Participant: 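What follows is a single structure, and I will ask about it in a moment.
For reference, positions follow the sequence shown, starting with 1. If you're wondering where the values come from, they're calculated on a predicted model, not measured in any experiment. Order of listing sets the numbers, starting from 1, for every ligand and every atom in it.
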Amino acid sequence: MSNYFPADQIQDLQYFGEFGGVNPSISDSSTFTFLKAGKMEELFEKEIEGCYLYSRHWNPMNKYLSNALAKLEGTESASVTASGMAAITNVILQLCSSGDEIVTSRTIYGGTYAFFKNFLPRLGIKVVFVDSTNIQKVREAVTKNTKVIYCESVSNPMLEVADLESLSKVSKEFGCKLVVDNTFSPLIISPSKLGADIVVHSLTKFINGMSDCVAGVICGSKQFIDSLSDVNSGASMLLGPVLDSYRSAGILKNIRTLHVRMKQHSENAMYISEKLSKDGLRVIYPGLKSHPQHILMQKSWNEGFGFGGLFVLDMQTKEKANMLMELMQNNNVGYLAVSLGNYKTLFSAPGGSTSSEIPEDERKAIGLTDGLVRISIGLDNNPERTYQTIKKCLAMVK
Ligand SMILES: *Cc1c(COP(=O)(O)O)cnc(C)c1O
């Protein structure tokens with residue numbers, strides 16, 4: 001078990017606004033003035049605390065939000081981006097060049113999969129996909145050219161839980177960087193405390209929690225985060241995935257309630273997945289004893305936030321999965337929509353949507369069949385009531 005207390009770190013953030021406001025002031029400027037010309041020159045060369053040059057580089061609100069996320073993940077530094085994909089692509093492009101290799105888990109978010117499979121080979125970067133729950137397979141895939149070992153702490157959509165301590169041992173042994181996408185388990189798992197070098201998030205999901213914007217973050221050492229905004233060679237500086245200050249301000253406020261939300265998401269997911277599983281349905285949820293990494297997750301988590309807000313229901317066929325989702329929307333269990341981590345329940349069939357980038361034979365190999373329904377449970381006050389409605393819908397599926 002980790003002894004990191006990220007929720008306390010977030011609680012202790014003390015940011016004052018310009019006029020003593022309880023929220024920091026939003027900087028409504030793309031560019032910043034200098035009293036002395038020499039200072040501008042200096043800032044081009046190195047970061048100066050409290051000094052800003054141009055908003056693509058850094059701006060005050062993005063600094064506040066980035067600092068909050070560094071506290072959340074227990075890293076020295078962090079840098080917010082305009083999307084989760086921007087965070088992932090910028091990390092990889094900063095670390096890898098032509099001739100380098102990446103060893104990645106084969107069960108990852110569809111967009112990341114497509115970037116690895118289709119985009120990186122165009123740049124001469126080789127990606128090897130492995131079953132990352134099998135550490136021996138990971139070790140065998142690493143070569144002298146491997147720069148990155150990549151995984152999700154809890155994978156999308158199969159909810160495999162990564163053995164980060166073992167993966168970090170392999171990455172340290174071979175001198176590569178362990179990059180972990182922690183989108184599914186903020187607060188629950190602190191990858192940097194388990195040996196990850198870089199942690200990324202899609203803030204779009206649980207961290208913002210309102211499904212009203214798209215954003216991401218890269219958390220890591222000060223040296224790595226600074227390298228991303230280097231004016232000559234930084235991926236974030238040169239590719240320009242800057243987050244808007246207004247959105248940044250909104251996300252910063254929502255982080256303040258993340259611990260309350262995660263507990264409720266987890267409590268609801270546990271309650272409903274246990275009931276459905278007792279009813280004889282095949283349910284994938286790390287909180288169930290039947291889940292292969294049920295024990296591992298409890299060994300590595302920060303206690304008190306549960307097993308997360310997602311579970312997967314196996315409806316056996318695509319037709320039944322689709323019928324159930326339409327019934328659940330019509331009976332107001334939630335919305336038939338991609339994405340996750342919203343206050344209201346969201347569900348989709350990953351085979352035909354968020355994981356459709358993965359070819360069918362590979363989906364089969366990882367057990368990602370067409371009958372799966374991924375459910376991101378909302379902040380429902382009464383999970384028994386939600387369970388009863390889902391049960392009613394299930395009874396109507398023919
Ligand atoms: C959604 C998601 C992403 C991509 O994030 P965006 O904010 O949509 O760009 C990356 N990884 C995981 C695990 C996700 O669920």
Participant: I need the atoms of ligand 1 closer than 4.0 Å to a non-hydrogen atom of Val214, numbered in the order shown.
Facilitator: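 With Val214 as reference, the close atoms of ligand 1 come out as 7 (O).
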Participant: Using only heavy-atom distances, determine whether the side chains of Glu73 and His201 contain a donor-acceptor pair under 3.5 Å.
Facilitator: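 Short answer, yes.
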Participant: Decide whether an N or O pair under 3.5 Å exists between Ser202 and ligand 1.
Facilitator: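 Min N/O separation from ligand 1 is below 3.5 Å for Ser202.
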Participant: Does a donor on one side chain and an acceptor on the other come within less than 3.5 Å for Ser185 and Ser153?
Facilitator: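 A pair is found: one side chain offers a donor N or O, the other an acceptor, under 3.5 Å apart.
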Participant: Should you measure from each heavy atom of Ala215, which atoms of ligand 1 turn up under 4.0 Å away?
Facilitator: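 So the answer, numbered in order with elements, is 7 (O).
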Participant: What do we get for Ser339 next to ligand 1 when only non-hydrogen atoms under 4.0 Å count, side chain, backbone, both or neither?
Facilitator: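 Under 4.0 Å from ligand 1, Ser339 contributes no heavy atoms.
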Participant: With backbone taken as N, CA, C and O and side chain as the heavy atoms from C-beta onward, which portion of Ile88 lies under 4.0 Å from ligand 1: side chain, backbone, both, or neither?
Facilitator: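 Side chain only.
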Participant: Polar-atom distance check: Thr112 versus ligand 1, any N or O pair below 3.5 Å?
Facilitator: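 Looking only at distances, the answer is no, because the N/O contact criterion of under 3.5 Å is not met.
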Participant: Testing the 3.5 Å rule here: is there a donor-acceptor pair between the side chains of Ser248 and Asn62?
Facilitator: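 On atom types as modelled, these side chains qualify, holding a pair under 3.5 Å.
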Participant: Would you sort out whether Arg139 and Glu173 count as a salt bridge (Lys or Arg N to Asp or Glu O under 4.0 Å), showing the intermediate values?
Facilitator: CA-CA 10 Å; Arg139 181 181 288 274; Glu173 187 185 327; 2.9 Å; yes
Participant: Hey, are Lys46 and Glu42 close enough for a salt bridge, meaning a charged N less than 4.0 Å from a carboxylate O?
Facilitator: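 Salt bridge: yes.
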Participant: Can you list the atoms of ligand 1 that are under 4.0 Å from a heavy atom of Glu152?
Facilitator: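 Listed by number with element: 13 (C).
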Participant: Check each atom of ligand 1 against the heavy atoms of Met85 and keep those under 4.0 Å away; list them by number with element.
Facilitator: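 In order of numbering, the contacting atoms are 4 (C), 5 (O), 6 (P), 9 (O).
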Participant: Do Glu101 and Thr143 have a side chain donor and acceptor closer than 3.5 Å?
Facilitator: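 Yes, because at least one side-chain N or O of Glu101 sits under 3.5 Å from a partner of the opposite role on Thr143.
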Participant: Of the protein's non-hydrogen atoms, which lies at the shortest distance from atom 2 (C) of ligand 1, and what is that distance?
Facilitator: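 Its nearest protein heavy-atom neighbour is Lys205 NZ, 2.5 Å.
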Participant: Is the NZ or CZ atom of Lys71 both under 6.0 Å from the centre of the six-membered ring of Tyr15 and within 45° of that ring's axis?
Facilitator: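 That pair does not qualify as a cation-pi contact.
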Participant: Starting from atom 4 (C) of ligand 1, locate the nearest protein heavy atom and write down its residue, its atom name and how far away it is, to 0.1 Å.
Facilitator: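 Result: Tyr109 CE2, 3.4 Å.
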Participant: Give the atom numbers and elements of ligand 1 that come within less than 4.0 Å of a heavy atom of Gly84.
Facilitator: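 So the answer, numbered in order with elements, is 5 (O), 6 (P), 7 (O), 9 (O).
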Participant: So if I count the atoms of ligand 1 from 1 in the order they appear, which ones are less than 4.0 Å from some heavy atom of Ser83?
Facilitator: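 Contacts of ligand 1 toward Ser83, numbered from 1: 7 (O), 9 (O).
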Participant: Between the side chains of Asn322 and Glu326, does any donor sit under 3.5 Å from an acceptor?
Facilitator: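 Judged by distance alone, the side chains do not pair up.
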Participant: Consider every N or O of Leu340 and every N or O of ligand 1, then say whether any pair is closer than 3.5 Å.
Facilitator: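 For ligand 1, there is no N or O atom that lies under 3.5 Å from one belonging to Leu340.
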Participant: Just by distance, no angles: are the side chains of Asp380 and Tyr271 close enough, under 3.5 Å, to form a donor-acceptor pair?
Facilitator: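 There is no such pair between these side chains.
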Participant: If you measure from atom 13 (C) of ligand 1 to every heavy atom of Asp181, Thr204, Thr81, which option wins on shortest distance?
Facilitator: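 Of the listed residues, Asp181 has the closest heavy atom.
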